[in-house]
Amino acid sequence: MTFLERFDTQMGVSLSLKPIDADDAVRKGGRGPTWWSLRFCQVDVRAQLYEQAVGGAKRLDRALERTYGEADTGESVEDNMKRMAAFWGEEQRKLQNKAARYAIPHDWRR
């Protein structure tokens, strides 16, 4: 995820960046429906990906331990995936709260 996802870009002699919701007539919380929809999509996809990665990370940890032994730090790929899943779950919660605060319509949250 980069901040450039939130812009329509045009390249020519120069680079032009226009916020993706610049043409949206209706705005809530300082953003249009295009921005809200993209943000919900980005956060939801990332939360799902990290949640799904936990099982694969557990298998990877077992394979790494068989080959190299246990990590000196006690850290595991599974722990990292769980932390990332928790982070994105919290981001989902914050975004839902922000949307509720600004009375964002549910069809903007897809």
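Keep in mind that the numbers below use all heavy atoms, side chains included, and drop hydrogens, waters and symmetry copies.
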- line: Scanning both residues in full, the closest heavy-atom pair of Gln92 with Val43 reads CG-CG1, 3.3 Å

query: Is Arg59 atom CZ crowded by more than 12 heavy atoms from other residues, nucleotides or ligands, each under 6.0 Å away?
result: no

message: Lys58 vs Lys82, test: side chain to side chain contact (heavy atoms under 4.5 Å, CB included). Steps then yes/no.
response: CA-CA 10 Å; Lys58 185 180 254 182; Lys82 285 180 177 178; 5.9 Å; no

query: Out of curiosity, Arg31 CZ to Ile104 CD1, how far, rounded to the nearest 0.5 Å?
result: 11.0 Å

- prompt: Distance from Asp23 atom CG to Asp8 atom CG, nearest 0.5 Å?
  reply: 8.0 Å

- request: Supply the atom-to-atom distance Leu60 CG to Met81 CE, rounded to the nearest 0.5 angstrom.
  value: 9.0 Å

Shortest non-hydrogen contact between Trp35 and Asp24, atoms and distance: N-OD2, 4.4 Å

message: Grouping I, L, V, M, F, W and Y whenever their side-chain heavy atoms are under 4.5 Å apart, do Met84 and Val45 come out in a common cluster?
response: no

task: Treat each ILVMFWY residue as a node, draw an edge where side-chain heavy atoms are under 4.5 Å apart, and state whether Val54 and Phe87 are in one component.
output: yes

message: I'd like to know if the side chain of Asp61 reaches the main chain of Ser76, judged simply by a donor and an acceptor atom lying under 3.5 Å from each other, with no hydrogens or angles considered.
response: no

query: Does CD belonging to Gln10 count more than 12 external heavy atoms closer than 6.0 Å?
result: no

- request: Would you please test Lys94 and Glu91 for side chain to side chain contact (heavy atoms under 4.5 Å, CB included) and show each step?
  value: CA-CA 5 Å; Lys94 288 178 187 176; Glu91 288 297 301; 3.7 Å; yes

- request: State whether the side chain of Thr67 and the backbone N or O of Ala63 hold a donor-acceptor pair below 3.5 Å, judged by distance alone.
  value: yes

query: Are Arg62 and Glu65 close enough for a salt bridge, meaning some N to O gap below 4.0 Å?
result: no

task: Calculate, to the nearest 0.5 Å, the distance between atoms CD and CG belonging to Glu90 and Leu95 respectively.
output: 11.5 Å

- prompt: Please, which pairs that meet side-chain hydrogen bond (donor to acceptor under 3.5 Å, both in side chains) have at least one residue in residues 99-110, sequence neighbours excluded?
  reply: Gln96-Arg109

- prompt: If you take all heavy atoms of Gly89 and Ala47, which pair is closest and at what distance?
  reply: N-CB, 4.5 Å

message: Minimum heavy-atom separation for Leu17 and Phe7, please, with both atom names.
response: CB-CD2, 3.9 Å

statement: Minimal heavy-atom distance between Gly30 and Arg27, with the atoms involved, is O-NH2, 3.3 Å

message: Closer than 3.5 angstrom, by distance alone: can the side chain of Trp36 be matched with the main-chain N or O of Gly29 as a donor-acceptor pair?
response: no

query: Any chain of hydrophobic side-chain contacts (each under 4.5 Å) joining Val77 to Tyr68?
result: yes

query: Is Phe40 reachable from Leu38 through a run of hydrophobic residues whose side-chain heavy atoms are each under 4.5 Å from the next?
result: no

